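See below for the structure under consideration.
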Amino acid sequence: MTVDKLIRREILGITPYVPGKPIEEVQRELGLQEVVKLASNENPLGPSPRAVEAATAALADTHLYPDGNCYLLKEALAAELGVKPEEIIVGNGCDEVIKLVAEAFFRPGDEVIVADPTFGEYAYATQLMGARLVKVKGEDLGHDLDKMAAAVTARTKAIFVCNPNNPTGTMNTRAEMEAFIARIPPEVLIIVDQAYYEYVEDAAYPNGIEFKGDGRVLTLRTFSKIYGLAGLRVGYGVGDPDLIAYLNRVREPFNVNRVGQVAAVAALADREHVARSLEMNRRGMEQIGRGLTNLGLTYTPSVANFILFSTPYLATQVFEEMMKRGVIVRPAHIFGLPWQIRVTIGTEEQNAKFLTVLEEVLAVLEKEV
Ligand SMILES: *Cc1c(COP(=O)(O)O)cnc(C)c1O
């Protein structure tokens, strides 16, 4: 007997997630000293020093289980966001919260609507539960909320709105979101993923938490991006207490580690670090935008900490050549965009190296054809 006969059919469509290459692996494989990683939208400034200090201190208590209720972190978040602690669920990254939504709500036969292209975790969680993914292509690679609303059927269980969208960096305005939510039948969940919320400076950008009164809107945020704690895995969802209570039923008791919890509390309080990160991103976005234009490349204007650009060559080819020269980017073929690359905004020096290497690689590939 083989395990082939035992496997749950629902998961056969899932392909394992291929993460951005770790710096250490590229250094090892290519014998490179200096490697710049601009592939996973991490904060190039690193974590808040105050978060590191808190995390270091917490290591001494590693023999103890973490607080399964994330009491202090929820108190801090509640105060920061102007919500009640029972309106918050904390996860081992926002990724876990997405999975909890699926485990609590999705069944075979359910339809789940997402944009195309968008963040891959929604498809994963949907397939995991045997529900059906409905992809809706928008104009200019963003979310077409009208088209997404029109895709709702009697079987629709949930809609994911990634705002700003990964990998495009496009956003939907408050007015668009309000009109959209008003159109969606009350028995459909709406998950608003705001992983890059803190980066967006456009006045028309909505705070998803304002929609929680609707009862079925869950807003997702994370400590992995502007707060620089991707390695500690802390993300959260904010919504109606009843919705949160259902998610808590499927949550593992100690899902968020002790070090992550205290680091997140400290990171939240370090407003200066957030402000510096934002300022660096603003300048870096300009620098990369200008550089891409100078190279004759087009890109999608982004409100987040990454930018999606087109290349005249297959993205995987450009990616390989860039990696050989010590710069790791994200080829967007994984999002169904074979001619595009997503690059994270880095430090001024990292951005400069990215542009130099990209120019060099484009010249090399041009000679080959
Ligand atoms: C990075 C990212 C997340 C995941 O965040 P974690 O908290 O690290 O799991 C969620 N949604 C989007 C759109 C992201 O880009």
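In listed order, ligands and their atoms are each counted from 1. Fair warning: this is a prediction, and the values are worked out from it, not measured in the lab. Counting from 1, the numbers follow the sequence of the chain as shown.
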Exercise. Between the side chain of Asn166 and the main-chain N/O of Thr118, is any donor-acceptor distance below 3.5 Å?
Worked result: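 Judged by distance alone, no pair lies under 3.5 Å.
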Exercise. Is Lys137 paired with Asp116 through a side-chain N to carboxylate O contact shorter than 4.0 Å?
Worked result: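 Yes, Asp116 and Lys137 are salt-bridged.
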Exercise. Does Arg183 pair with Asp146 as a salt bridge, N-O distance under 4.0 Å?
Worked result: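 The answer is yes: the pair qualifies as a salt bridge.
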Problem set entry | More than 12 heavy atoms from other groups under 6.0 Å of CZ on Arg8 |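 Yes - once you tally the heavy atoms of other residues, nucleotides and ligands closer than 6.0 Å, there are more than 12.
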Exercise. Parallel, tilted or perpendicular for Tyr236 and Phe223, by the 30°/60° rule?
Worked result: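 Rings of Tyr236 and Phe223: tilted, 30 to 60°.
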Exercise. Exactly which residues line ligand 1, taking a heavy atom under 4.0 Å from it as the test?
Worked result: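 Answer by chain and number: Gly93, Cys94, Asp95, Phe119, Cys162, Asn166, Asp193, Ala195, Tyr196, Thr222, Ser224, Lys225, Arg233.
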Problem set entry | Candidate list Ile113, Val112, Asp193, test side-chain contact (heavy atoms from CB on, under 4.5 Å), partner Phe160, passing option |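 It is Val112, the one option of Ile113, Val112, Asp193 that forms the side-chain contact (heavy atoms from CB on, under 4.5 Å) with Phe160.
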